[in-house]
Amino acid sequence: MAYELDLPEELASVHLVFHVSLLKKCISDLTSVVPLESVGVKDSISYEKVPVDILDHHVHKLRNKEVDSLKVLWRNQLVDRATWKVKADMMDKYTYLFPSSSIPA
């Protein structure tokens, strides 16, 4: 099942038909609205995910090793949409998030 949306002019390059699995029910929650100007959608209809803050740190204990994980808040996302990422990967890609080892090893 698919829906055709009535989008504003500034989103004219976005395809109007979406599969029902991509849509969420919305009950006029103004806190979940992200201003279109702040998203910075490219011509390819994509945007770069940029980490803003580290919300939490957790060590996942596996059978033979431990994996450090970070709960990362991304730009243009709400706190409840933060994701868990491997600390080593985040340190390699986003060194500015780790000023003088602010998160314990």
Side-chain angles (χ1 to χ4, degrees):
M1 178 171 255
Y3 285 92
E4 184 174 349
L5 302 179
D6 185 21
L7 298 174
E9 282 296 316
E10 53 267 16
L11 292 176
S13 59
V14 175
H15 190 65
L16 298 177
V17 180
F18 292 85
H19 189 270
V20 70
S21 67
L22 298 174
L23 302 176
K24 293 182 181 179
K25 184 177 182 178
C26 180
I27 305 176
S28 187
D29 181 12
L30 296 179
T31 61
S32 66
V33 175
V34 176
L36 184 60
E37 299 82 32
S38 69
V39 175
V41 178
K42 299 177 185 173
D43 290 340
S44 64
I45 312 300
S46 64
Y47 68 96
E48 182 181 353
K49 288 179 79 172
V50 178
V52 176
D53 197 11
I54 297 172
L55 303 176
D56 198 4
H57 175 255
H58 182 74
V59 177
H60 295 280
K61 296 183 181 191
L62 304 176
R63 191 175 289 175
N64 295 328
K65 64 180 179 177
E66 295 180 348
V67 177
D68 287 333
S69 296
L70 305 173
K71 189 171 187 179
V72 180
L73 176 64
W74 301 93
R75 184 175 64 190
N76 301 322
Q77 297 285 329
L78 300 173
V79 174
D80 63 338
R81 300 281 306 224
T83 56
W84 287 96
K85 298 292 180 184
V86 177
K87 181 180 176 183
D89 294 343
M90 294 298 292
M91 288 181 85
D92 290 342
K93 289 182 182 177
Y94 309 105
T95 56
Y96 64 89
L97 288 174
F98 305 93
S100 66
S101 68
S102 60
I103 296 177

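Just so you know, these numbers come straight off a predicted model, no measurement behind them.
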**Request:** Could you give me the CA-CA distance, side-chain angles and deciding distance for Leu55 and Val79, then say whether side-chain contact (heavy atoms from CB on, under 4.5 Å) is met?
**Result:** CA-CA 9 Å; Leu55 303 176; Val79 174; 3.9 Å; yes

**Complete:** Under a side-chain separation threshold of 4.5 Å, the hydrophobic residues clustered together with Leu62 are Val67, Val86

**Request:** Sequence neighbours left out, what passes side chain to side chain contact (heavy atoms under 4.5 Å, CB included) with Lys93? Give chain and number order.
**Result:** none

**Message:** Which residues pass the side chain to side chain donor-acceptor pair (under 3.5 Å) test with His60, not counting sequence neighbours?
**Reply:** Ser69

**Message:** Quick check: closest heavy atoms across Leu78 and Leu73, and the distance to 0.1 Å?
**Reply:** O-CD1, 3.8 Å

**Request:** Measure the spacing between CE of Met90 and NZ of Lys85 and express it to the nearest 0.5 Å.
**Result:** 8.0 Å

**Asked** Taking atom NZ of Lys87 and atom NE2 of His57, what is their separation to the nearest 0.5 Å?
**Response** 4.5 Å

**Request:** Taking atom CG of Asn64 as the centre, report whether more than 12 heavy atoms of other residues, nucleotides or ligands fall under 6.0 Å from it.
**Result:** no

**Request:** Report the residues that fulfil side chain to side chain donor-acceptor pair (under 3.5 Å) with Trp74, sequence neighbours left out, ordered by chain and then residue number.
**Result:** Thr83

**Item:** side chain to side chain contact (heavy atoms under 4.5 Å, CB included) partners for Val52, two or more places apart
**Value:** Arg75

**Asked** Do Val50 and Phe98 belong together in a cluster built from hydrophobic side chains that touch within less than 4.5 Å?
**Response** yes

**Message:** So, taking the atom named CG in Leu97 and the one named CD1 in Ile54, what distance separates them when rounded to the nearest 0.5 Å?
**Reply:** 5.0 Å

**Message:** With rounding to the nearest 0.5 angstrom, report the CG to NE2 distance, Leu70 to His58.
**Reply:** 11.5 Å

**Prompt:** What pairs with Thr95 under side chain to side chain donor-acceptor pair (under 3.5 Å), at least two apart in sequence or on another chain?
**Reply:** none

**Atom pair OH/CG of Tyr94 and Asp89 - distance to nearest 0.5 Å** = 10.0 Å

